[in-house]
Protein chains: 2
Amino acid sequence: MRPPDTKQRLLDAAEQLFALRGFHATSLRAITQAAEVNLAAVNYHFGSKEALLDAVMARSLGPLNQVRSGRLDEVERDAAAENRAPDLRALWRAFVEPTLSMRRHETGAEHFLSLVGQALAQPHGAVMEVFMRQMTPMFLRLFELTCLALPEMPRQLLFWRMHFAVGSLSHLMRCNDQSPVLPAGITAEIDVDTLTDMLLDYTLAGLEAPR
Amino acid sequence: MRPPDTKQRLLDAAEQLFALRGFHATSLRAITQAAEVNLAAVNYHFGSKEALLDAVMARSLGPLNQVRSGRLDEVERDAAAENRAPDLRALWRAFVEPTLSMRRHETGAEHFLSLVGQALAQPHGAVMEVFMRQMTPMFLRLFELTCLALPEMPRQLLFWRMHFAVGSLSHLMRCNDQSPVLPAGITAEIDVDTLTDMLLDYTLAGLEAPR
DNA sequence: GTCTATACGATGATAGAC
DNA sequence: GTCTATCATCGTATAGAC
């Protein structure tokens with residue numbers, strides 16, 4: 001009647017409750033009750049409540065970055081095959097699209113995005129360190145490939161412009177479920193592909209802007 | 001020896017501790033001890049711990065938006081005097097510059113920015129509602145003025161592009177103290193004016209990009 | 001109106017028996 | 001590995017002194 005092991009059950013219950021009601025608003029007792037395990041199991045398997053959040057986040061972030069990494073491989077391979085610089089739009093599409101299309105394919109995507117937002121806002125959160133350790137190689141690789149695609153642009157300038165681009169994406173991730181401010185005559189509902197193209201148009205124009 | 005009133009002392013102590021150690025990591029007992037007031041004073045003057053955070057944020061956000069509002073007035077006045085559409089760069093400079101230059105003039109600016117980041121990440125936070133209630137008129141006004149400055153652009157498209165622009169700014173605010181990923185040969189130290197111009201170049205190129 | 005002292009229920013964490 | 005019992009600490013509420 002309760003086949004999966006305790007660790008998995010805790011991860012599943014925690015992911016849902018953390019995202020739904022927030023990290024601090026969720027008690028360990030609520031999680032262990034939902035998972036139908038003992039209260040002390042959390043500290044036995046993970047060590048602390050925050051370490052449980054770490055594990056939940058790492059479980060989703062790993063596969064996502066694996067997809068991104070594979071798509072960056074493709075872009076690099078295409079460029080090498082035709083002996084040219086990598087295509088800027090293909091590059092950023094490889095980075096952006098897996099995240100945005102999570103909502104379509106994965107279940108609990110909004111849970112994951114909500115968790116990332118919460119984790120990154122903590123000042124001394126060990127969670128942010130986990131996130132950064134996972135994301136840093138991806139950022140560095142994307143930066144170097146962007147420099148190759150825009151060889152005329154100073155690296156220092158591109159660094160900051162990439163910072164702006166990442167900000168646009170992360171803000172979009174954070175606000176994608178709850179509608180932000182809606183001016184009159186504007187609807188927030190939009191197709192994922194259209195949204196991806198709009199973000200790419202915006203980002204590429206900013207990256208390539210004259211000084 | 002302890003001249004200011006209790007309310008003020010609590011706001012000051014809470015602002016510093018919340019920003020330094022995080023909202024949930026800071027106990028009311030730590031705050032009241034730092035403020036040298038009684039524990040129950042928090043609930044008497046503010047009602048709850050979260051309401052205290054509300055008050056701290058509103059204290060900084062109000063004056064900041066007042067500055068922004070005044071500068072938007074100027075842009076509108078200039079446009080009306082010359083009977084033309086508002087200047088897009090002046091418009092966004094009015095919105096962006098007061099925030100970025102907080103670090104130069106105001107004390108505890110990084111505290112405020114850290115608090116905003118924390119507040120916005122909470123799923124059901126009443127704090128986000130407070131923030132949004134303060135920011136919504138500003139966003140709506142900026143949106144309408146941007147539409148006037150770019151009359152050819154569809155409103156729906158401009159709405160999303162403005163969303164991307166706000167994301168860039170908020171990400172910059174959140175990460176301005178702690179250096180993010182630093183590729184080789186890149187330094188994160190930069191003059192505030194240069195940074196402002198770089199952000200404006202990037203944002204305007206994105207807003208004006210062809211479809 | 002303000003401030004103080006004190007108490008209550010719930011939380012995250014831990015120790016030790018099984 | 002799992003469980004029960006227990007701890008210090010948390011946010012909150014209230015009764016009563018100035």
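Residue numbers start from 1 in every chain, and the chains themselves are labelled A, B, ... in the order their sequence lines are given, proteins ahead of strands.
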Side-chain contact, heavy-atom cut-off 4.5 Å: B:K49 with B:S27? no
For nucleotides 1-6 of chain D, just jot down a letter per nucleotide in 5' to 3' order: B, S or -, based on protein non-hydrogen atoms under 4.0 Å. BBBB--
Please list, chain by chain and in numerical order, all residues satisfying ring-ring contact (aromatic ring centres under 6.0 Å, His included) with B:F95, sequence neighbours excluded. B:W92
Can you find a pair of side-chain heavy atoms, one from B:R161 and one from B:M153, that are under 4.5 Å apart? yes
4.5 Å side-chain heavy-atom contact, A:L169 and A:L100: yes
Looking for any heavy atom pair under 4.0 Å, which part of the strands does B:T32 touch: base, sugar-phosphate only, or nothing? nothing
Once you round it to whole Å, what is the distance between C1' of C:dT11 and CG of A:L28? 8 Å
Test applied, side chain to side chain contact (heavy atoms under 4.5 Å, CB included); reference residue, A:T32; option that passes from A:T6, A:V42, A:N38: A:V42
In this structure, how many angstroms lie between the P atom of C:dT11 and the CZ atom of A:F23, rounded? 14 Å
Just verifying a value: how many Å separate A:M102 CE and A:F112 CZ, rounded to the nearest 0.5 Å? 5.5 Å
Using residues 125-139 of chain B as the side-chain source, report each donor-acceptor pair under 3.5 Å to any protein atom, sequence neighbours left out, with the distance given to one decimal.
{"from": "B:T136", "atom 1": "OG1", "to": "B:M132", "atom 2": "O", "distance (Å)": "2.6"}

With a 3.5 Å cut-off and no angle check, do the side chains of A:S114 and A:R174 form a donor-acceptor pair? no
According to salt bridge (charged side-chain N to carboxylate O under 4.0 Å, His left out), does anything in residues 38-48 of chain A pair up with another residue at least two apart or in another chain? List the pairs. none
Nearest 0.5 angstrom please: B:D191 CG to B:M198 CE, how far? 10.0 Å
Helix axis bend for the helix from C:dG1-D:dC18 to C:dC18-D:dG1 - C1'-based end axes, five pairs, 10° rounding: 10°
Quick check on contacts: within residues 49-59 of chain A, what sits under 4.0 Å from DNA chain D by heavy-atom distance? none
To the nearest angstrom, how far is B:Q33 atom CD from C:dT4 atom P? 14 Å
Look at the aromatic rings of A:H171 and B:H163 and report parallel, tilted or perpendicular, splitting at 30° and 60°. tilted
Starting from C1' on D:dG11, measure out to NE2 on A:H24 and report it in whole angstrom. 13 Å
